Asks: 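I am attaching a structure below and will ask some questions about it afterwards.
Values below: every heavy atom of this structure, side chains too, minus hydrogens, waters and symmetry copies. In what follows, chains carry the letters A, B, and so on, assigned in the order in which the sequence lines appear, proteins first and then strands, with residues in each chain numbered from 1. Being a predicted model, the structure only gives us computed values, none of them experimental.
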Amino acid sequence: MSEYDQVMKLALERGFYFPSCEIYSDALAGFWDYGPLGQRMKNKFIDLWRRELIRRDGMWEIDGSQVMSKKVFIASGHLGNFTDPIIKCTKCNSTFRADRYVSEKLGEYIPERASNDEIDAVIRKNSLTCPKCDGDFGRTTRFNMMFKVEVGPSADEAYLRPETCQTIFVDFSRIFKVMRGKLPIGIAQIGKSFRNEIAPRQSLLRLREFYQAEIEIFCNPDKLDEVPMYDEVKSTKLNIHEDVSSHEITAQEALGKGLLPNQLIAYYLALLSQFYSKTGIDMKRTRFRKLSETEKAFYATVAFDFEVETSLGWLELVACNYRSDYDLSGHMATSKENLEVVDPSTQAKVLPHVFELSMGIDRSLYAILEHSYYEDYKHDDRIVLRLKPYLAPITVGVLPLMNKDGIGIKGREVYAAIRKDFDVYSDESGSIGRRYRRLEEIGVPFAITIDKTTMVDETVTIRNRDTMEQERIKISEIKNVLEKAINPYE
RNA sequence: GCGACGGUCGUCCAGUUUGGUCUAGGACAUCAGAUUGCCAAUCUGGUAACCCGGGUUCAAAUCCCGGCCGUCGCACCA
C-alpha cells in the first residue's frame, strides 16, 4: 500500500477528512469535508501561518466574499481571452483542446485567442475529424474553469472566485488608505476558492472547492532590492531546483548567483521556507522550482513553485508569482478607479507591482500528514503520526490507569483542570497500551497517566509519543510543561 | 471529458463465474459487561454493509441498462 493510501485510510477511519455528501449517491467528485481532527489541524496550521508570516512581517489579513462580480473577472483576465477553446466529437463525445489539436494535426500555429469561428473554419477547411472514432466535431465552444452563479431574481451573472487574491486586488485601494499604508505592504487572506476541474482526483490534492492562504505583497517596482528585513533571513537555506537537480543554498548566495531576481523575492521565499520547516514537512524533500515560460500562469512574469516530494511525486504547495502590475492595471482600466499610490520617499505616484505567495492549504495538510506518517516496527508496528505538538489536533490524552480506588475520579479532575487551556481527550476504556496506540495514530504528542502514586503525592506521568518515555511531574506543573512543549519556537 | 478496471459493515476481505441455502460470513476497529492494571491481553455479548435508479426473473449482492463514485492511462490543471 502506498503512503498515499495509508494516509487516506487513516483520514477516513479517524475522521480527518472524507468525501462531502457521502450518504447520497449523487455526491460529486472534488468536494471534501474536514472532520473534527482535520479541522483542528487546519486551524492550527493557519495559526502557525499567521504567526510565522502575517504577524512576523506585519501584514494585514482580510476576509472577502466568495461570490464576485463579472467585471472583476473581465479585468483579471479569467473571462474573455483566457477560456480554453474546446471541440467535442459528436459521435463519441471525446473532448479536445481545439487550438492544440488543430495545431498538432496541421503543424501550423493556431493562437489560443483565435475566435471560435476562426477555429471552426480551419477544421472545416481541412476536414478534421475525431482521432478516436473518426466522427465529426461539433462547433468550438469555450470551457471556463469558473463556477457561474446567478444572483437575485434577475439572475445577475457572477462567479465564485477561482483564486482568493482577486479580493485583495479589488480591495487594495481602500485597505491602503484606511490602514495608512506604505509600500511595501502585505495583504493576506485565507478562504475558499472554486475551480470547475474537469477531472478532480486524489482527495485533497485536486479539489473543486479548496482553501487558499494567499499573500499579496504590493511593492514599488523600483525598490525591489530595498527590503528592510532582508538581513534577518539572508542566511536561510533554500532548496533551489536548477535544470535537473536541487541544491541547498542560502538566500543571499542564490541572489548573488542570479538564481533569484531580487531581494524582495529572496526575502519572501526565505520566510516561506522558514514557515514550512516548522510544519513538520521534511525540508530535504522540498524545492523551489522556477517555472518555464510555458508553465507560468498568464499573469506571472516570474514564477517559482514551492514543491514537496510525496508518494505521488512532486506536489506544488505554493505558487510564488511575480504578477507585476498585471492585476492592478487590469482593475484600473476596467473599473476606471485610479489605483496608484504615492511613494512618500519620492513623492511620486506609482502603480504597485505584486509578488504573491499563493498557498494551497489542503495540499499542505496532506503533505504534512504524509511526511508525519510513521510505522514503528520496533514497537508492535504501531502507527504514529509524528505531528508537531502545536499542529496536533489533540494535544494531550488524560488516561486513568484504572477506574477504581478513586483513580478514575482523579483523572476527571485533571481533565477538568486543563480542558480550557489545551485540546484534551479523556479516555478511560480499554487497556492502557491500547489507549496509547489510539492516541499515537492521530498524532497526540502527550499522554498523562493517573496511577496509584497520583493518589499519594499528586504526581502523574507524562508520556512522549515519539520516544514512549515517561516522566513524573506534579499535577500543578502540567500546564507549564504543556505550554512549553507546544510553543513553535521551543 | 474519453477509455480500461472496480464499488459488500468504520477498515480490509469472502460471496458474483453457474441467480435460490445470504435471514449476507470473517478479521481488525468500535460499544457494553467481566477480568487485568503502564504499552494493540483475555472472555462474553452487541452495533454495523450489498453505491443509486430502472429492467429481466417465480427469485438479483450475483445478469442487463443508465447514473454517481474510485483507481489508472489520455486530456485538463488558466
Asks: Expressed as a whole number of Å, how far does the C1' atom of C69(B) sit from that of U8(B)?
Replies: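 Nearest-Å result for C69(B) against U8(B) at atom C1': 15 Å.
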Asks: Under 4.5 Å between any side-chain heavy atoms of Ile478(A) and Phe446(A), yes or no?
Replies: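 A side-chain contact is absent here, since even the closest heavy-atom pair is not under 4.5 Å.
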Asks: Using the side-chain hydrogen bond (donor to acceptor under 3.5 Å, both in side chains) criterion, which residues pair with Lys290(A)? Sequence neighbours excluded.
Replies: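 Lys290(A) satisfies side-chain hydrogen bond (donor to acceptor under 3.5 Å, both in side chains) with no residue once adjacent residues are dropped.
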Asks: So Gln470(A), base contact, sugar-phosphate only, or nothing? Heavy-atom distance under 4.0 Å.
Replies: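 Base: the residue Gln470(A), judged by heavy atoms under 4.0 Å, touches a nucleobase.
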Asks: Return the pairing partner of U44(B) with a 3.5 Å limit on both distances, Watson-Crick or G-U wobble; otherwise return none.
Replies: A32(B)
Asks: Just how far, in rounded Å, is P of C76(B) from CE of Met146(A)?
Replies: 20 Å
Asks: What distance, rounded to whole Å, do you find between the two P atoms, one in G46(B) and one in A27(B)?
Replies: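 Comparing P positions in G46(B) and A27(B) gives a spacing of 13 Å.
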Asks: More than 12 non-hydrogen atoms from neighbouring residues, nucleotides or ligands closer than 6.0 Å to CZ on Phe210(A), yes or no?
Replies: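 Atom CZ in Phe210(A) is crowded, with more than 12 foreign heavy atoms closer than 6.0 Å.
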Asks: Looking only at atom C1', what distance separates U18(B) and U11(B), rounded to whole Å?
Replies: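 Approximately 31 Å lies between the C1' atom of U18(B) and that of U11(B).
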Asks: Report the residue (Ser203(A) or Asp26(A)) whose heavy-atom-nearest nucleotide on RNA chain B is the more 5′ of the two.
Replies: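 Result: Asp26(A).
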Asks: Does Glu370(A) pair with Arg363(A) as a salt bridge, N-O distance under 4.0 Å?
Replies: no
Asks: Looking at C39(B), U71(B), A78(B), which one has an atom nearest to any side-chain atom of Tyr436(A)?
Replies: C39(B)
Asks: Take atom P in C65(B) and the same atom in U56(B), then report the distance between them in whole Å.
Replies: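 These two P atoms come out 15 Å apart once rounded.
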Asks: In whole angstrom, what separates Asp305(A)'s CG from C77(B)'s C1'?
Replies: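 Interatomic distance, CG of Asp305(A) to C1' of C77(B): 12 Å.
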Asks: Among Glu163(A), Glu209(A), Glu214(A), which one satisfies salt bridge (charged side-chain N to carboxylate O under 4.0 Å, His left out) with Lys192(A)?
Replies: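 When salt bridge (charged side-chain N to carboxylate O under 4.0 Å, His left out) is applied between Lys192(A) and each of Glu163(A), Glu209(A), Glu214(A), only Glu209(A) qualifies.
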Asks: Taking for each residue the nucleotide of RNA chain B with the nearest heavy atom, is it Lys296(A) or Pro200(A) whose nucleotide lies nearer the 5' end?
Replies: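 Nearest nucleotide further toward 5': that of Pro200(A).
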Asks: Partner lookup for G37(B), please. Criteria are Watson-Crick or G-U wobble with both distances under 3.5 angstrom; report none if nothing qualifies.
Replies: none
Asks: Considering residues, nucleotides and ligands other than Arg139(A), do more than 12 of their heavy atoms fall under 6.0 Å from its CZ?
Replies: no
Asks: Which one of Arg463(A), Arg434(A), Arg465(A) satisfies the salt bridge (charged side-chain N to carboxylate O under 4.0 Å, His left out) criterion with Glu440(A)?
Replies: Arg463(A)
Asks: Tell me which nucleotide, if any, is Watson-Crick or G-U wobble paired with A59(B) when both distances must be under 3.5 Å.
Replies: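 Partner of A59(B): none.
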Asks: Compare side-chain N and O positions of Arg438(A) against OP1 and OP2 of U30(B) and report whether any pair is under 4.0 Å apart.
Replies: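 So the side-chain polar atoms of Arg438(A) do come within 4.0 Å of the phosphate oxygens OP1 or OP2 of U30(B), strictly under.
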Asks: Measure from CG on Leu312(A) to C1' on U71(B) and round the result to the nearest Å.
Replies: 12 Å
Asks: Over how many whole Å does the gap from Asn464(A) atom CG to C39(B) atom P extend?
Replies: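 So the CG-P distance, Asn464(A) to C39(B), works out to 17 Å.
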Asks: To the side chain of His78(A), which of U71(B), U11(B), A78(B) is closest?
Replies: A78(B)
Asks: With hydrogens left out and only the distance checked, is there a donor-acceptor pair under 3.5 Å joining Arg208(A)'s side chain and the base of C77(B)?
Replies: no
Asks: Please report, rounded to the nearest Å, how far the P atom of C39(B) is from the OH atom of Tyr377(A).
Replies: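 In whole Å, C39(B) P lies 23 Å from Tyr377(A) OH.
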Asks: Let's test this: given Watson-Crick or G-U wobble pairing with both distances under 3.5 Å, identify the partner of A14(B).
Replies: none
Asks: Tell me: CZ of Arg323(A) to P of A78(B), nearest whole Å?
Replies: 12 Å
Asks: Which value, in whole Å, describes the distance between the C1' atoms of nucleotides A14(B) and A49(B)?
Replies: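 Roughly 14 Å separates the two C1' atoms.
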Asks: Provide the Watson-Crick or G-U wobble partner of U21(B), both distances under 3.5 Å; none if there is no partner.
Replies: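 Check on U21(B): unpaired, no WC or wobble geometry under 3.5 Å.
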Asks: Expressed in whole Å, how much space separates the C1' atoms belonging to U44(B) and C39(B)?
Replies: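 Going atom to atom, C1' in each nucleotide, I get 25 Å.
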Asks: Nearest-Å distance, CG (Leu28(A)) to C1' (C68(B))?
Replies: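 My rounded result for the distance is 8 Å.
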Asks: Send over the distance from Ile86(A) CD1 to G1(B) C1', rounded to a whole Å.
Replies: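 Checked: the CD1 to C1' distance equals 9 Å.
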Asks: State plainly whether the residues Asp451(A) and Arg472(A) are in salt-bridge range, i.e. N to O under 4.0 Å.
Replies: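 Yes.
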Asks: Taking atom C1' in both G73(B) and C31(B), what distance in whole Å separates the two?
Replies: 44 Å
Asks: Nearest to the side chain of Arg435(A), which nucleotide is it out of G73(B), G37(B), C77(B)?
Replies: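 From the listed options, G37(B) comes nearest.
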Asks: Between the protein and nucleotides 42-52 of chain B, list the N/O to N/O atom pairs that are separated by less than 3.5 angstrom.
Replies:
residue, atom, partner, partner atom, Å
C52(B), O2', Ser25(A), OG, 3.4

Asks: So, is Ser431(A) close to the A41(B) phosphate, meaning a side-chain N or O under 4.0 Å from OP1 or OP2?
Replies: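 Yes, because at least one side-chain N or O of Ser431(A) sits under 4.0 Å from OP1 or OP2 of A41(B).
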Asks: Nearest to the side chain of Ala199(A) - U11(B), A75(B), C38(B)?
Replies: A75(B)
Asks: Counting only side-chain N and O atoms of Gln202(A), is one of them less than 4.0 Å from OP1 or OP2 of C72(B)?
Replies: yes
Asks: How would you label the contact of Pro19(A) with the nucleic acid (heavy atoms, under 4.0 Å): base, sugar-phosphate, or nothing?
Replies: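 No contact.
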Asks: Suppose we call a contact any N or O donor and acceptor under 3.5 Å apart; does that hold for the side chain of Arg463(A) and the base of C39(B)?
Replies: yes
Asks: Is C74(B) paired to anything, Watson-Crick or G-U wobble with both distances less than 3.5 Å, and if yes, which nucleotide?
Replies: G1(B)
Asks: Any strand is fair game: report the nucleotide pairing with C9(B) by Watson-Crick or G-U wobble, both distances under 3.5 Å, or none.
Replies: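 Matched C9(B) with nothing under the 3.5 Å cut-off.
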Asks: Would you indicate which nucleotide in C77(B), G1(B), C69(B) comes nearest to any side-chain atom of Ala29(A)?
Replies: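 Ranking C77(B), G1(B), C69(B) by closest atom to the Ala29(A) side chain puts C69(B) first.
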Asks: Is it the case that the base of C38(B) and the side chain of Asp451(A) share a donor-acceptor contact (distance under 3.5 Å, atom types as modelled)?
Replies: yes
Asks: Would you indicate whether the side-chain heavy atoms of Leu260(A) and Phe288(A) approach each other to under 4.5 Å?
Replies: no
Asks: How far does the C1' atom of C76(B) sit from the matching atom of U16(B), given to the nearest Å?
Replies: 36 Å
Asks: In this structure, is the centre-to-centre distance between the rings of Tyr159(A) and Phe194(A) below 6.0 Å?
Replies: no
